[in-house]
Amino acid sequence: MAIERTLSIIKPDAIAKNVVGDIIRRFEENGLSVVATRRIHLTAEQAGRFYAVHKDRPFFGPLCAFMSSGPILAMVLEGKNAVRLNRQLMGATNPKEADAGTIRADHAESIDANAVHGSDSLENAATEISFFFADIDIYSS
Ligand code: CMP
């Protein structure tokens with residue numbers, strides 16, 4: 001299995017609940033390393049640029065409003081199969097459909113306030129990582 005990097009975001013709802021440590025613990029206990037972090041409060045315009053792929057979806061406006069409602073923690077996770085593993089640990093986008101024991105099942109309230117974001121492919125991971133981080137900000141263990 002290849003060593004990959006993926007982007008993880010702890011969203012404003014999970015930051016407000018003070019569960020950052022619990023979420024990072026799940027990544028580390030499952031073999032992922034945090035190799036870059038950035039705490040940032042996005043503007044709605046910045047959130048819109050990050051989620052531009054969804055710009056024609058009906059949830060785009062509420063998504064940008066939510067993602068700019070408070071600080072987030074953007075992280076680069078590194079490890080074997082990091083893209084898929086991160087998404088397994090997050091659980092389904094809608095927490096009502098998320099498997100028991102996943103981050104969203106345990107910490108998310110709704111499909112809008114769903115605690116975490118994770119890149120859905122290796123290609124998108126590279127694009128999303130570069131949105132928040134320069135190469136010089138990322139240090140492998
Ligand atoms: P995320 O993985 O960050 O990617 C886009 C976000 O849009 C998603 O999590 C949800 O929080 C939000 N969203 C709201 N409604 C929907 C929907 N119907 N389908 C997908 N994503 C949605």
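When a ligand or atom number is given, it counts from 1 through the structure's own listing order.
If you run side-chain contact (heavy atoms from CB on, under 4.5 Å) between I10 and each of V19, I23, I72, I103, only I23 comes through.
Here the shortest heavy-atom distance to atom 21 (N) of ligand 1, taken over F60, Y51, F59, belongs to F59.
Here the side chain of N124 pairs no donor or acceptor atom with the backbone of S121 at under 3.5 angstrom. When atom types are taken as modelled, the side chain of R104 and the backbone of N114 share a donor-acceptor pair closer than 3.5 angstrom. Within the 3.5 Å criterion, the main-chain N or O of L7 finds no donor-acceptor partner in the side chain of E128.
At a 4.0 Å heavy-atom cut-off, ligand 1 does not touch M67 at all. Only side-chain heavy atoms of T93 come within less than 4.0 Å of ligand 1; its backbone N, CA, C and O stay farther off.
Looking only at protein heavy atoms, the nearest one to atom 10 (C) of ligand 1 is I111 O, 3.0 Å. Among protein heavy atoms, atom 1 (P) of ligand 1 sits closest to H117 ND1, 3.4 Å.
Ion pairing between D106 and R26 holds under the 4.0 Å rule for side-chain N and carboxylate O.
For the ligand labelled ligand 1, residue R104 lies inside the 4.0 Å heavy-atom shell.
Residues I9 and L63 share a hydrophobic cluster, clusters being chains of Ile/Leu/Val/Met/Phe/Trp/Tyr side chains in contact below 4.5 Å.
The atoms of ligand 1 that sit less than 4.0 Å from any heavy atom of H54 are 5 (C). Each of the following atoms of ligand 1 lies closer than 4.0 Å to a heavy atom of D112: 11 (O), 14 (C). Atoms of ligand 1 found under 4.0 Å from any heavy atom of K11 (numbered from 1 in listed order, with element): 1 (P), 3 (O), 9 (O), 11 (O).
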Practice prompt. Start with the C-alpha distance between L122 and E4, add both sets of side-chain angles, then the distance that settles side-chain contact (heavy atoms from CB on, under 4.5 Å), and finish with yes or no.
Written response: CA-CA 8 Å; L122 204 49; E4 297 175 349; 3.8 Å; yes
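The N/O atoms of L63, backbone and side chain alike, include none that comes under 3.5 Å of an N/O atom in ligand 1.
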